[in-house]
Every structure is written in structure tokens, then in C-alpha cells.
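Just below is one structure, and these are the notes that go with it.
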Amino acid sequence: MNPSESVSGLYSAIEESARLLEVPCSPGKVLPILTVYGEALPDAVVAFRVATGERHAGELDCRFSIPLDVDPYGLAVSNGFIADTDHPAGTLLSDIRDRCPLDCYGIDFGVVGGLKKIWAVLRRGHLQEVSRLAALPSMPRGLGESVDFFARHRLGDKAGLLGIDYRSRTVNVYFGEQPAECFEPETVRSMLDELGQGEPSEQMLTLARRAFGIYVTLNWDSPKLERICFAVATADPTELPVPLDPRIERFVSHIRNSNTDPKFVYAVASSPQGEYYKLQSYHRWQPRVLDMMQLADGAVKDPV
């Protein structure tokens, strides 16, 4: 598949998914991003994601992997997808690249909102200590100030993926090698209570017990963690003990009917504004970069 065929094929899939989810999809918004990174698309892992809640209404996200010989931030800025900035968010990716062994990058954009995030995927077998990542010059201070929190709640001291959101100016940090205890209800309650986010619902506790990974969200304006998210891998989200929005259920049915080996990650996130849920489906799957897209809503895991 050449890049132009890959761009047109992926756009068609995005357009169809947006229609099922009742999300407006404009070629003028989507095609420029696909075209700029088009050389990487034939070999990319591709996933779509939709989230519940008012803040995420009317949006469909697409994310795909790109190799290390591409400058994702430079291309995004030079093509006007994001603005260059003297905010620390603008230098965090280069800090990570200069100090950590990477496997690949990822691009994450909304069909409506445009480019949002760039992912830095650490090389397999080279997870980084949280304290080392916290020492990066442009990392939010909340990561370093949360090291004791991570230890108390057994989240582990290493991470394998970081996502930089240039629009909301937040950072996602994905943990690896968590013990089962950190997904138990008492641990989840303790974490959220310490962060002042209230009592988790029974639905969240049930999903957390089935989770394979966990990640946290930080920003540069607060020393506290903004969100905690638990991710569950499943071949059929309708079998999970949670109700699905009718639009999402319609989307899931379409994926399962058109794919002989569907793969999903269903995640629950807690924030000061309350819980919300995210569904990620894999449009194209590549075992050699499986970790990257599994991490995009979870944590470091070996291929399955």
C-alpha cells in the first residue's frame, strides 16, 4: 500500500466511524493531518477512540504510530496543526527524546478538534524510573511530587509511555509492571480519596479489578494529579458490566461485524469533574508496535 492509498483508505474509515457516532467529519480538517504524516501510515498501527461526557461530546479521535525518523512536533508546528510555544509543553518531547531510548512516536488528533497529542513510546525493555522522568527540565512538577503517592498505592516506579496534549497542556504517564493489588477496590478508593476526587462508583471499581493498566494525567498548573484512568482489554465491550451509550454500542457492533478479530480497550477515568468512559478500537493492528497502541489507553504489557 502506498502512502496516498493509505491516506484515502484511512480517511474513508474515519468518515464511516464518524457517521456511526454522529460526529461531523470534514475532509479539510482530517486530510491535511493524514497527508503530512502519510509516509508513515502504510506501516502504522491505527486506532479510533470515543469518550463519554459533555467535554468529549461530538468528537472522534484517531491515533497512529510513526517512526523515529519523523519529527512529529516540527511537522505539526510547520503545518499549523499546533502553535509553537515557549510553554514547557513545547520542549517536553525533545527532553524525552534526548534522555530516553524511544521505540516510536504517535499522533493523536480529533476529527473535529484537530491535532491534540504526540506520544513518546519508550523502547521495549527500557522502562524509565518515574524519578528520572520527573527530573526532565520541562516535566510538570507534579510527577516528582507524586512519587510517594505512586509508591504508597503500588503503581510502580517505572513508566513506558508519555503523551503530551498541546491543547489542554497536560501530560499522560503510563505505568508498567503494576501488581494486582493496585487494582483492588480498597486501593482505588484510597487513591481517589487522597486526590480529593470522591468515592468511585461500583461500576468504576468493577472495571478497575479487570484492568490491565493504569495511567495518570498531570498539568503544569498544579502539583496534584488531575486524573487516574484504568484500562480493560476486551474483544467485546458489550460484555463488560457497564452500560454503553447507544452511539458507542452501534459503533461497537459495526466493528465486530466488519472485523474477524476485533480488539478494544475500554477505560474509566476519574477526575474532579466526575467519572467518564473511553472506548478505543483498533482499525489496524501491527504486532511489532502493539505496545504503543495498547498503551494509548493503558500501560506497558507484553504482546498477546
Side-chain angles (χ1 to χ4, degrees), residues 1-52 56-67 70 72 75-76 79-82 104-119 121 163 167 233-238 244-267 278-290 292-297:
M1 182 185 299
N2 64 46
S4 61
E5 291 173 341
S6 188
V7 167
S8 61
L10 180 52
Y11 178 77
S12 295
I14 292 172
E15 189 176 48
E16 173 66 7
S17 297
R19 183 186 64 79
L20 290 166
L21 292 164
E22 301 174 7
V23 172
C25 181
S26 164
K29 198 80 169 182
V30 175
L31 282 175
I33 297 175
L34 299 184
T35 302
V36 165
Y37 298 101
E39 291 291 333
L41 289 179
D43 298 317
V45 169
V46 180
F48 301 147
R49 195 202 74 167
V50 63
T52 63
H56 308 280
E59 183 65 287
L60 167 66
D61 293 331
C62 176
R63 57 228 353 220
F64 52 85
S65 58
I66 59 175
V70 176
L75 285 174
N79 285 276
F81 301 149
I82 56 176
C104 65
Y105 299 115
I107 297 296
D108 192 334
F109 72 93
V111 171
V112 175
L115 195 143
K116 299 177 180 178
K117 297 181 185 179
I118 295 176
W119 305 92
V121 186
R167 296 187 182 276
T234 178
D236 184 3
T238 63
L244 295 180
D245 180 281
R247 298 177 305 112
I248 296 178
E249 189 166 5
R250 187 165 62 247
F251 176 64
V252 169
S253 296
H254 169 74
I255 297 297
R256 287 180 51 78
N257 290 335
S258 59
N259 192 328
T260 58
D261 186 24
K263 294 177 174 66
F264 300 90
V265 167
Y266 195 78
K278 301 180 282 188
L279 175 75
Q280 177 163 293
S281 69
Y282 296 93
H283 173 69
R284 191 187 305 145
W285 185 266
Q286 295 279 2
R288 69 180 178 82
V289 285
L290 169 64
M292 183 266 166
M293 297 311 294
Q294 216 170 15
L295 282 167
D297 264 308

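Predicted model only: the values in this text are computed from it and were never measured.
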Looking only at heavy atoms, what is the nearest atom pair of Leu10 and His283, with distance? CD1-CD2, 3.9 Å
Quick one: does any side-chain atom of Arg247 pair with a main-chain N or O of Leu21 as donor and acceptor, under 3.5 Å? yes
Side chains of Thr238 and Asp236 only: does a donor on one sit below 3.5 Å from an acceptor on the other? yes
Hey, what do you get for CD1 (Ile248) to OG1 (Thr52), rounding to the nearest 0.5 Å? 6.0 Å
Residue list, side chain to side chain donor-acceptor pair (under 3.5 Å) with Ser4, at least two apart or on another chain: Asn2
If you compare all heavy atoms of Val30 against all heavy atoms of Cys25, which two are closest, and at what distance to 0.1 Å? CG2-SG, 4.2 Å
All N/O donor-acceptor pairs, side-chain side in residues 31-41, below 3.5 Å, sequence neighbours left out:
| from | atom 1 | to | atom 2 | distance (Å) |
| --- | --- | --- | --- | --- |
| Thr35 | OG1 | Leu31 | O | 2.7 |
| Tyr37 | OH | Pro72 | O | 2.8 |
| Tyr37 | OH | Ala76 | N | 3.4 |

N/O donor-acceptor pair under 3.5 Å between Arg256 side chain and Ala235 backbone: yes
Polar side-chain atom of Asn257 near backbone of Ser253 as donor-acceptor pair, under 3.5 Å: yes
Please check: side-chain N/O of Ser65 versus main-chain N/O of Val45, any donor-acceptor pairing under 3.5 Å? yes
Between Lys116, Arg63, Arg49, Lys117, which is the residue that forms a side-chain hydrogen bond (donor to acceptor under 3.5 Å, both in side chains) with Asp108? Arg63
With Phe48, the side-chain contact (heavy atoms from CB on, under 4.5 Å) member among Ile14, Asp61, Val111: Ile14
Quick one: do Trp119 and Phe64 satisfy side-chain contact (heavy atoms from CB on, under 4.5 Å)? Show the steps, please. CA-CA 10 Å; Trp119 305 92; Phe64 52 85; over 6 Å; no
Less than 4.5 Å apart, side chain to side chain, heavy atoms only: is that true for Val265 and Tyr282? yes
Point-to-point distance, once rounded to the nearest 0.5 Å, from CD of Glu15 to CG of Leu20: 11.0 Å
On a heavy-atom basis, the closest approach of Tyr105 and Val70 is CE1-O, 3.4 Å
List the atom of Ala51, the atom of Lys278, and the distance in Å for their closest heavy-atom pair. CB-CG, 3.7 Å
Can any side-chain N or O of Gln280 pair as donor or acceptor with the backbone N or O of Tyr266 at less than 3.5 Å? no
Any side-chain heavy atom of Leu279 within less than 4.5 Å of one from Pro237? yes
Do Pro42 and Ser6 come within less than 4.5 Å of each other through their side chains, counting heavy atoms only? yes
Test your reading of the model: is there a side-chain donor-acceptor pair from Arg167 to the backbone of Leu115, 3.5 Å cut-off? yes
Trace of the side-chain contact (heavy atoms from CB on, under 4.5 Å) decision for Cys62 with Val46: CA-CA 7 Å; Cys62 176; Val46 180; 4.1 Å; yes
Please check if the side chain of Glu59 supplies one atom and the backbone of Val50 the other of a donor-acceptor pair under 3.5 Å. no
Between Glu22 and Arg250, is the closest basic N to carboxylate O distance under 4.0 Å? yes
